[in-house]
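Notes follow the structure.
We name chains A, B, ... by the order of the sequence lines, and we start the count at 1 in each one.
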Number of protein chains: 2
Amino acid sequence: MANIHDVARVAGVSISTVSYALSGKRTVSEDARRRIVDAVQELGYLPNAAGRMLAGARTRILALSAPLRVDTYAPAHMAFVLAVATAARRYDYDILLLTEDEATNGLRRVTSSRLVDGVILLDVSMDDERLALVRDLAVPSVVVGVPGEASGLTCVDLDFAAAARLSIDQLVAAGHRSIALLGHPQAAYERGSNFPHRFRNAFVEYASERGLQSTFAMPGSSDADVRRAVDEVLDPKAGVSAVVMHCEESIQSRALTYIADSGRSIPGDLSIISACSSFDTSSFHPALDVIPLVAADSCDRAVALVMDALDGAPEPHVELVAPRYISRGSIAEPTHPAISALN
Amino acid sequence: MANIHDVARVAGVSISTVSYALSGKRTVSEDARRRIVDAVQELGYLPNAAGRMLAGARTRILALSAPLRVDTYAPAHMAFVLAVATAARRYDYDILLLTEDEATNGLRRVTSSRLVDGVILLDVSMDDERLALVRDLAVPSVVVGVPGEASGLTCVDLDFAAAARLSIDQLVAAGHRSIALLGHPQAAYERGSNFPHRFRNAFVEYASERGLQSTFAMPGSSDADVRRAVDEVLDPKAGVSAVVMHCEESIQSRALTYIADSGRSIPGDLSIISACSSFDTSSFHPALDVIPLVAADSCDRAVALVMDALDGAPEPHVELVAPRYISRGSIAEPTHPAISALN
DNA sequence: AGAGTTTGTCGAAGCGTTTCGCTAAACGTT
DNA sequence: AACGTTTAGCGAAACGCTTCGACAAACTCT
């Protein structure tokens, strides 16, 4: 394997000139530069990673802490891992994947041994064991998601509260006065991440602020559970004319099937919005209006923030990504104005 | 951050003694060893990764090439990534995750720059662009899965053909004479990996070898498609009394629901085996007999083979993991001996 | 007691880069 | 012509570790 000395010899210059020619950190005559580039080409030279790490201060590697919990929803998780890797490559960075149960140890190891320049944390729960460590880590770190206590951390996430308000605004604009939220299973609210809370709380609050009737249900994940939750939410007495679904794909899919089976048409009889969904809602029948949860949005920012922190140390802060609304025709004016809406 | 010089100073020895004490490659007096260990503890010393890489020949990093295709089944994919990472950690190795579209470039980059000691390839298709590169790579590489042409490669995979035969043996032992295979969607056979072929071909061949009647269907993934395929396979004229399912979770789940809805009991009216499934079939209703596809089995071996190759260069070869059968009561004797079975 | 062996330790070279400081040549100014 | 300035290039140090060879000191033999 060719090294920088070989390149220097072939090009007839010193190794420092090679280094400067390749990094561009000092000017090199056009003539020398060409000979160096040719030599690199000819020898198939690629700088030795360890040498660079040791001499330069950078390793060009980012640690990605992505522990797998029992209740991890694989497709979404994978989308985020992929998005981080893709974003990192744009800065010529590679990703070291940490999945160990004891994520803390892995983080300590790779940061203390200076294997990585920075750290990105995925899938943080409300009180994550990794956070204490990350708060006083020597290297920059960014959390994708917002934990219960975010002080001293840099976090990036979709603005779930704004997404809740956006979904309500859309329904209000269409004339709905009584709406429902079909949320995650109860377990998701009790432990795990806090985005279910952020969405639900903003939903309930903003609905009342805008003078709407709102109901909320947490379905289990079995088919029967989902049906029960849909029935609960669509109880005729409440006169609900629109449902916002903030839950996993399988639940949304089951709910849609049940709603179709029970003879209600969308958006004729019922308007539906799929909120903060990381999966493709355009292949549902019918396709659903959606406020997408785009992994790349958060992950691009997270990687960018680590890069910023590598030169200059910005203050820890929370950065929320604005939600956007994609219309696919699953909401319409309510046809049967509900009784409650007349109050 | 403390380095080896600091440790040497605190312990009152030279840096080479520290190195030998920590690596154990030369004997060090018990007295010195204790002082060194204490110093390491006190300073929180962890060897600098770049220094080790440069001096030693090892980087202690493995590249994991896990490109995401459109049709990748996320849960299984994630299980394999996790299994490789976990296996690598047992050898004190970390995983560099390569997901780029052009996986070849990533592999070339990390191997030529000596960032990684070895490579593991996941999810190889029949004619994978990565294989050509991997065949003459400077570092050891192991493929999880078996591509169309495996010469010059080291591959590890579940023995799908043996799994097909094992499922047939189980059914024959229970008295079945006419069986069906519910396979993957047609697209999976036309492109992508070749394990669907290996399973199907062995199934058909071995069924005829044992004198059985066998049918085969490739359902689409929609609910209607699955029902159609189940109907096709359970056509009364064929008298099928047992079904082996070698397909994704969603298809198996849909098939089970449909079979239950159409009033057939398992295993009373129909015996079922779930073959080479990476998901949990014990939470199905009813729980299914399964020949599990255990990610850890293949990945442990794959990592072990890379480690072996790092000292001494073993011949490229294909290593198949023997399938095992887990009984959960979803097969029984056929109650209504089929007409075709009397032929 | 002297020769040979083992044990514990150390200094120094080397891994492949980056980067600092220096120099010499070429250039522009007065 | 004498002076600064820029440009292009080089040598050497530094990064933090591993490992080779050397060498005393402590043992083991006869």
Item to complete: Kindly indicate whether the side chain of B:Leu137, heavy atoms from C-beta on, has any atom under 4.5 Å from the side chain of B:Val119.
Response: yes
Discussion item. Is there a side-chain contact between A:Lys25 and the phosphate of C:dT19, meaning an N or O under 4.0 Å from OP1 or OP2?
Written reply: yes
Practice prompt. Would you kindly give the CE-to-P distance between A:Met53 and C:dT18, to the nearest whole Å?
Written response: 12 Å
Worksheet item: Between A:Asp38 and A:Arg35, is there a salt bridge with N-O shorter than 4.0 Å?
Response: no
Item to complete: Using atom CZ of A:Arg9 as one end and atom P of C:dG16 as the other, report the distance to the nearest whole Å.
Response: 12 Å
Worksheet item: Base, sugar-phosphate alone, or nothing: which one does A:Ser14 contact when heavy atoms must sit under 4.0 Å apart?
Response: base
Fill in: Residue among A:Thr111, A:Thr59, A:Val306 satisfying side chain to side chain contact (heavy atoms under 4.5 Å, CB included) with A:Asp117
A:Thr59
Discussion item. On a heavy-atom basis, which atom in A:Ala50 and which in B:Leu54 lie closest, and how many Å separate them?
Written reply: CB-N, 3.8 Å
Discussion item. Whether the side chain of A:Asp123 engages the backbone of A:Ala66 through a donor-acceptor N/O pair (distance < 3.5 Å, no angle test) should be reported.
Written reply: no
Fill in: Salt bridge present between B:Asp297 and B:Arg324 (N-O < 4.0 angstrom)
yes
Fill in: Rounded distance in Å - CZ (B:Arg58) to C1' (D:dC17)
16 Å
Item to complete: Looking at every strand, decide which applies to B:Ala32 at a 4.0 Å heavy-atom threshold: base, sugar-phosphate, or nothing.
Response: sugar-phosphate
Polar atoms only, N or O, under 3.5 Å: list the protein pairs with nucleotides 14-16 of chain D and their distances.
from: D:dC15; atom 1: O2; to: A:Leu54; atom 2: O; distance (Å): 3.4
from: D:dC15; atom 1: O2; to: A:Ala55; atom 2: N; distance (Å): 3.4
from: D:dG16; atom 1: N2; to: B:Gly51; atom 2: O; distance (Å): 3.4

Worksheet entry | Pairwise 5' ranking along DNA chain C for B:Glu30 and A:Val18, keeping only the more 5' one | B:Glu30
Worksheet item: What nucleic acid atoms does A:Ser19 come within less than 4.0 Å of, heavy atoms only: base, sugar-phosphate, or nothing?
Response: base
Worksheet item: Has A:Gln41 got more than 12 heavy atoms of other residues, nucleotides or ligands less than 6.0 Å from its CD?
Response: no
Discussion item. Generate the contact string for nucleotides 20-28 of chain D. Rules: B means base contact, S means sugar-phosphate contact only, - means no protein heavy atom under 4.0 Å.
Written reply: BBB------
Worksheet item: Does A:Arg89 pair with A:Asp92 as a salt bridge, N-O distance under 4.0 Å?
Response: yes
